[in-house]
Undergrad: 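Just passing along the structure, written as structure tokens.
Letters A, B, ... are given to chains in the order of the sequence lines, protein chains preceding strands, and every chain is numbered from 1. Computed over heavy atoms, backbone and side chain alike; hydrogens, waters and symmetry mates excluded. Everything quoted here is computed from the prediction, not taken from an experiment.
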Number of protein chains: 2
Amino acid sequence: MPYDPSAFPPFAVTVDLVVLTVRKDALYALVVRRGEPPYQGRWALPGGFVRGDEDLEEAAARELTEETGLRSQALEDQDAGAHLEQLATYGAPQRDPRMRVVSVAYLVLAPDLPAPTAGGDARSARWASTDTLLGAGDGSGWEVEQQVPLAFDHDQILRDGVERARSKIEYSSLATAFCPPEFTVGELRRVYEAVWGVALDPRNFHRKVTGTPGFLVPTGGTTTRQGGRPAQLFRAGGATLLNPPMLRPEV
Amino acid sequence: MPYDPSAFPPFAVTVDLVVLTVRKDALYALVVRRGEPPYQGRWALPGGFVRGDEDLEEAAARELTEETGLRSQALEDQDAGAHLEQLATYGAPQRDPRMRVVSVAYLVLAPDLPAPTAGGDARSARWASTDTLLGAGDGSGWEVEQQVPLAFDHDQILRDGVERARSKIEYSSLATAFCPPEFTVGELRRVYEAVWGVALDPRNFHRKVTGTPGFLVPTGGTTTRQGGRPAQLFRAGGATLLNPPMLRPEV
DNA sequence: ACAATAGTGTCTTTCAGACAATATTTT
DNA sequence: AAAATATTGTCTGAAAGACACTATTGT
């Protein structure tokens, strides 16, 4: 098939965002309520069209700022801003009933607290527990709200994003993206526990993370915001690769 | 920005393939020579437009068959066919000088031997060492041919594909995708050595892979195709996850 | 006999996981 | 004092890396 750009089928290209944060010892995702059909009134991942002159990652960063007020720290940039990386691309022919839409999904990891709907067009946005969104209820049925699945194929996208986050904190320092600039070992451990949904031994965890050169840098300060004995404060060190990795217990 | 499908900017969507194989104890990629501008005469990754009614992975599998005669074993399917998985998506505004093209790259891992250009429109295709293609020459300068970089941003796509293959064989059984249906432990080890570009201890490697339950299944047969003492033949077992992983030595 | 590859066993070191014990705060 | 969290240390078992040794072929 000769490469004939004049005869290509027309596509719309969008970016969708899986924005994850840790709060209340659980993993939460940002969702927005759809104001128009299709899937009107349903929750969906934030996102929007890629403009004609912008790169994909630019579009993702723009949508992120528009819908949450967060700035991204695309790739290498150190401080200030959430981690942003490409997740995967979804392009089933009928995933949008109106037309052919290919969506490039991005994963954003952010510390807690950015109040949802800081600005932009998302008339109603909220953080929702990923367990609830994905129907991973424990069967007790108390989590009544939000059993309606997400719009489009956003269930699958969210699932892929959560799995990416879960596996990537094993061998990288990415878990620190869920923490404020300065944090304690205990806070970092609670991130791992929330993302993996397991309990980790505080003592072994402490030994592991403080014993990995370049992973954590002590700032000198201490805090007692968790109660109990004051804990040292750390910043994320330069090391982005965790070797040997911290493996999830007992899958 | 209201979700207005009637006003979307027009994009072309293509798939590009990073087809990797191991031969002569090195990692090779499939490249095709471009017959028309832009980048006429340059080598490029195989690929083409996504049709209006096909899924992205379908398009990748179709291009793969058209350009190599290989069948893919998308995802779970066991035997018969190369491994195919989505790699990443590239959409910089000027990556194709003619128009806005977003390309979804797929990674294909295949055993050796499929003679290139089994069929289709690629008038000239060949296997090229990834080291040569990516300019990782050792400085001795004997690899004269092919210092011209690949067309478009295919250098970056190839680099990403190679890195994905390198990291994924650490914690999965994916290295078996480079092997024929039946293979020896030594052949599997040479795959790891070629992909990582390191030497592994044959004895420790043997202990590791045969000691991981479900990773290798003995077929009963033996072969002597490598010379020396006959080696047991194995098939890939059901286990797709390698735990604990086989870590690359000494990055 | 010799070279080449396959496979087993042994030793040392590293590290994960279990858990005792101590330290420093709030209530 | 009691409860909560942080931190250090000790022990055990699993596994990686180094490497001696045996096994079975081709030349």
Undergrad: So which nucleotide from D:dA18, D:dT8, C:dG7 ends up closest to the side chain of B:Arg207?
TA: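 The answer is D:dA18, which lies nearest to the side chain.
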Undergrad: B:Phe205 CZ to C:dA6 P: how many Å, rounded?
TA: 11 Å
Undergrad: Given atom CD of A:Gln226 and atom C1' of D:dA3, what is their separation to the nearest angstrom?
TA: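 Computing the A:Gln226:CD to D:dA3:C1' distance gives 15 Å.
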Undergrad: So, for A:Ala165 and A:Leu107, which heavy atoms are closest and what is the spacing to 0.1 Å?
TA: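 Reported closest heavy-atom pair: N-CD2, 4.2 Å.
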Undergrad: For the residue pair B:Gln156 / B:His154, report whether a side-chain donor-acceptor contact shorter than 3.5 Å exists.
TA: no
Undergrad: Report yes if a donor N or O on one partner sits less than 3.5 Å from an acceptor N or O on the other, where the partners are the side chain of B:Asn204 and the base of D:dA18; otherwise report no.
TA: yes
Undergrad: How many Å lie between CD on B:Glu193 and C1' on C:dT5, as a whole number?
TA: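 B:Glu193 atom CD is separated from C:dT5 atom C1' by 13 Å.
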Undergrad: Specify the separation, in whole Å, of atom CG of A:Leu200 and atom P of C:dC19.
TA: 15 Å
Undergrad: Taking for each residue the nucleotide of DNA chain D bearing the nearest heavy atom, is the 5' side occupied by B:Gly228 or by B:Pro244?
TA: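 Whichever sits nearer the 5' end wins; that is B:Pro244.
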Undergrad: Would you mind reading off the distance between A:Arg189 atom CZ and C:dA16 atom P, rounded to a whole angstrom?
TA: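 Rounded to whole Å, this separation is 16 Å.
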Undergrad: What does A:Arg190 touch in the nucleic acid at a heavy-atom separation under 4.0 angstrom: a base, only the sugar-phosphate, or nothing?
TA: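 Sugar-phosphate: the residue A:Arg190, judged by heavy atoms under 4.0 Å, touches backbone atoms but no base.
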Undergrad: For B:Arg207, what residues pass the salt bridge (Lys or Arg N to Asp or Glu O under 4.0 Å) criterion, not counting sequence neighbours?
TA: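 Applying salt bridge (Lys or Arg N to Asp or Glu O under 4.0 Å) to B:Arg207 gives none.
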Undergrad: For A:Gln86 and A:Glu57, which I'm curious about, is there any donor-acceptor pair between the side chains at under 3.5 Å?
TA: no
Undergrad: Taking only side-chain nitrogens and oxygens of B:Lys208, does any of them come within less than 4.0 Å of OP1 or OP2 of D:dA15?
TA: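 Looking at the OP1 and OP2 atoms of D:dA15, neither is under 4.0 Å from any side-chain N or O of B:Lys208.
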Undergrad: Please confirm whether B:Phe234 and B:Phe183 have ring centers closer than 6.0 angstrom.
TA: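 They do not qualify: ring centres at least 6.0 Å apart.
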Undergrad: Nearest whole angstrom, please: distance from the P of C:dT14 to the CG of A:Asn243.
TA: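 It is 15 Å, rounded to the nearest whole Å.
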Undergrad: Which whole-number value in Å describes the distance from B:Phe234 CZ to C:dG7 P?
TA: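 Checked: the CZ to P distance equals 6 Å.
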Undergrad: Under 4.0 Å: is that the gap between some side-chain N or O of A:Arg203 and OP1 or OP2 of C:dA16?
TA: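 For C:dA16, neither OP1 nor OP2 has a side-chain N or O of A:Arg203 closer than 4.0 Å.
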Undergrad: Would you kindly give the CG-to-C1' distance between B:Asp201 and D:dA15, to the nearest whole Å?
TA: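 Interatomic distance, CG of B:Asp201 to C1' of D:dA15: 14 Å.
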Undergrad: Check whether any side-chain nitrogen or oxygen of B:His206 sits under 4.0 Å from OP1 or OP2 of C:dG7, and answer yes or no.
TA: yes
Undergrad: Of the nucleotides D:dC19, C:dA16, D:dA6, which has the atom closest to the A:Arg229 side chain?
TA: D:dA6
Undergrad: Taking the side chain of B:Thr184 as heavy atoms from C-beta outward, which of C:dT24, D:dT7, C:dA6 is closest to it?
TA: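 Out of C:dT24, D:dT7, C:dA6, the nucleotide with an atom closest to B:Thr184's side chain is C:dA6.
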